[in-house]
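Take a look at the structure set out below.
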Amino acid sequence: MMMIVNCMPAVPLGAAALTAPRHHDISGLSVLLVVDGCQGFQVFKDGQWWSVPWMNRHALVVNSGDLMQVISNGRYKSLVHRAINLGDTMRISIASVYNPKKFAKIGPIAELIDEDHPCLYGEGRHVDFLEAVRAKPMTCFQYFGSLNC
Ligand SMILES: O=C(O)CCC(=O)C(=O)O
Ligand SMILES: [Fe+2]
């Protein structure tokens, strides 16, 4: 598990909102806590951004990441998301990022491959994927999609 802390400064009155860039998490799962339940988390779906209302200050949001998309053979999509700060206080979020072990084999679960759901990704070791991405920028889907099913 890895922990990422994001801090977005307060926005002065009248200034444009600050935006953390659009991305999808390379991980298996990320669990997100926003300090004091500060709003601003958005997901991209059907061609537009949707604000996710933070239910209360103790709420956690679980994001499906790239590796989950591979393991589920595309059934759980890796969530495209971003954060914006519209407020006059600093926005702090803490993401707990869960990944497989270094030498774990990653690939679609056999039960999730059938006639209606053909195999989208091959099987590879997590460590080989990380090394390949370091050597040449590519997405998780390009890497596992290039391996034999
Ligand atoms: O601050 C947020 O709401 C999102 C943070 C995030 O997406 C990340 O750390 O990967
Ligand atoms: Fe993220």
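Please read all numbers here as calculations on a predicted model, not as lab measurements. Counting convention: from 1, in listed order, for ligands and their atoms alike.
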ILVMFWY network linking L130 to L67, side-chain heavy atoms under 4.5 angstrom: yes
Under 4.0 Å from a heavy atom of A95: which atoms of ligand 1 are those, numbered in the order shown and with their elements? 9 (O)
Does ligand 1 have a heavy atom under 4.0 Å from the side chain of D25, from its backbone, from both, or from neither? side chain
How far is atom 1 (O) of ligand 1 from the closest protein heavy atom, and which atom is that? S93 OG, 2.7 Å
For ligand 1, is any non-hydrogen atom under 4.0 Å from L32's backbone (N, CA, C, O), its side chain (CB onward), both, or neither? side chain
Would you say CZ of F141 has more than 12 non-hydrogen atoms from neighbouring residues, nucleotides or ligands within 6.0 angstrom? yes
Is R91 in contact with ligand 1, taking contact as a heavy-atom separation below 4.0 Å? yes
Tell me, which protein residue and heavy-atom name are nearest atom 5 (C) of ligand 1, and how many Å apart are they? N6 ND2, 3.4 Å
Quick one: pull up CG in L60 and OG in S30 and give me the separation to the nearest 0.5 Å. 12.5 Å
Can you find an N/O atom of H23 closer than 3.5 Å to an N/O atom of ligand 1? yes
Is the cationic atom of R82 (NZ for Lys, CZ for Arg) positioned less than 6.0 Å from the six-membered ring centroid of F44 and within 45 degrees of its normal? no
Atom nearest to the Fe ion (ligand 2) - H81, N, O or S atoms considered: NE2
Report, in ascending order of atom number, the atoms of ligand 1 lying under 4.0 Å from any heavy atom of A83. 1 (O), 2 (C), 3 (O)
Could you pull out the atom name of the N/O/S atom in H23 that is nearest the Fe ion (ligand 2)? NE2
Where the closest heavy atom to atom 7 (O) of ligand 1 is concerned, which of H81, M8, Q42, Q39 has it? H81
For the residue pair S27 and N99, confirm or rule out a side-chain donor-acceptor distance under 3.5 Å. no
Counting neighbours of CG on N148 that are heavy atoms of other residues, nucleotides or ligands and sit closer than 6.0 Å, is the number greater than 12? no
Is the distance from the ring center of H23 to that of H81 below 6.0 Å? yes
Which word best sums up how the rings of W54 and F41 line up, parallel for under 30°, tilted for 30 to 60°, or perpendicular for over 60°? perpendicular
Nearest to the Fe ion (ligand 2), which N, O or S atom of D25 do we find? OD1
